[in-house]
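Right, one structure below, let's go through it.
A, B, ... follow the sequence lines: proteins, then strands. Residue 1 opens every chain.
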2 protein chains.
Amino acid sequence: MGLVRSEIFTDQQNKISLLAKAFAHPARVAILQHIFNTDTCICGDLVDEIGLAQSTISQHLKELKTIGLIKGNIEGTSVCYCIDKEQWTEMKSIINQFLNQDITNTNCC
Amino acid sequence: MGLVRSEIFTDQQNKISLLAKAFAHPARVAILQHIFNTDTCICGDLVDEIGLAQSTISQHLKELKTIGLIKGNIEGTSVCYCIDKEQWTEMKSIINQFLNQDITNTNCC
DNA sequence: ATACTTAATCGTAATATTGCAATAAACAAA
DNA sequence: TTTGTTTATTGCAATATTACGATTAAGTAT
């Protein structure tokens, strides 16, 4: 069907999967890494840096904005994107809580 | 197009996004949590636990197996799934390296 | 052998995602 | 105003994902 049945999962499960989607595409990973790597905030050079069309990059930026991990400041004619530090930290904590589940219990294989 | 242009990204970026896909769906999050929570390995009760059809669960299990995070042991007529500890640890390290990028540099917004 | 249980696979339908060209919007510069 | 620059949006087209019923495969039990 292509339609996720979110109702049958817990809020936490839906939240984790939503956050994971942010970096479940290499372009979004690249965008986030580039924002991290440039000490000054990012503008429109993502299109040159990554080899995708401007509209495609813009769409990925929109998704990251919707999820809440980045925010954009309009600076004249260009837009400056940066990490939303609070949200990033919260995301990290949620994901880490999931990743750090105790592995020692599973002992059959 | 619906076709990810993997060639234009680094191996690391592709790897991160691939791993993230493992928990970019609430059903797979639920499956992994359930394997973690039951001290004994998982069998076919995932279908009862999560409200999805048997074939759907089986498909998600296959994806998790393909990504490498779980492995299944045939035990008579049922199958026992568990976390692949080595792979899980490696995944954690790769994801954490990405999540723990220094946030202090981004200082425009 | 037959019947039952369990999980994988196949086929199909529907929705989601990715990508790009073209256009629009918003601002800057001349 | 006109021109250029930059980003967002719209409108496709193509591929991917999700989900389920039906079937198959493999083992158990009778």
### Message
For dT6(D) and Tyr81(A) - does any side-chain N or O of the residue sit under 4.0 Å from the phosphate oxygens OP1/OP2?
### Response
no

pair [X]-[Y]: side-chain heavy atoms closer than 4.5 Å:
X        : Y        : result
His34(B) : Asp45(B) : yes
Asp84(A) : Ile70(A) : no
Glu63(B) : His60(B) : yes
Phe23(B) : Leu19(A) : no
Leu52(B) : Phe9(A)  : yes
Ile83(B) : Leu69(B) : no
Met91(B) : Leu99(A) : yes

### Query
Are side-chain N/O atoms of Gln13(A) and Thr10(A) paired as donor and acceptor at under 3.5 Å?
yes

### Message
Testing the 3.5 Å rule here: is there a donor-acceptor pair between the side chains of Gln101(A) and Gln33(B)?
### Response
no

### Query
Taking the six-membered ring for Trp, are Trp88(A) and Phe98(B) parallel (under 30°), tilted (30 to 60°) or perpendicular (over 60°)?
perpendicular

### Query
Heavy atom of residues 47-59 of chain A under 4.0 Å from DNA chain C: which residues?
Leu52(A), Ala53(A), Ser55(A), Thr56(A), Gln59(A)

### Task
Residues of residues 60-70 of chain A with any non-hydrogen atom less than 4.0 angstrom from an atom of DNA chain C: list those, numerically ordered, please.
His60(A), Glu63(A)

### Query
With sequence neighbours left out, what residues match Gln97(A) under side chain to side chain donor-acceptor pair (under 3.5 Å)?
none

## Note on the structure
The side chain to side chain donor-acceptor pair (under 3.5 Å) partners of Asn100(B) (sequence neighbours excluded) come to Lys92(A)

### Task
Answer with yes or no whether the hydrophobic clustering places Val4(A) together with Val47(B); edges join I, L, V, M, F, W, Y residues whose side-chain heavy atoms lie under 4.5 Å apart.
no

## Note on the structure
Rounded to whole Å, the CD-P distance (Glu75(A) to dA8(D)) equals 13 Å

### Rounded interatomic separation in angstrom, taking CG from Leu18(A) and C1' from dT17(C)
15 Å

### Letter per nucleotide, 5' to 3', of nucleotides 25-30 of chain C [B base touched, S only sugar-phosphate touched, - untouched; heavy atoms, 4.0 Å]
--SS--

### Message
From the set dT7(D), dA8(C), dG19(C), return the single nucleotide nearest to any side-chain atom of His25(A).
### Response
dG19(C)

### Message
Let's see if you get this right: which residues in residues 3-17 of chain A place a heavy atom under 4.0 Å from DNA chain D?
### Response
Leu3(A), Val4(A), Arg5(A)

### Summary
DNA chain C nearest-nucleotide lookup for Ser78(B) and Arg28(A): closer to the 5′ end is Ser78(B)

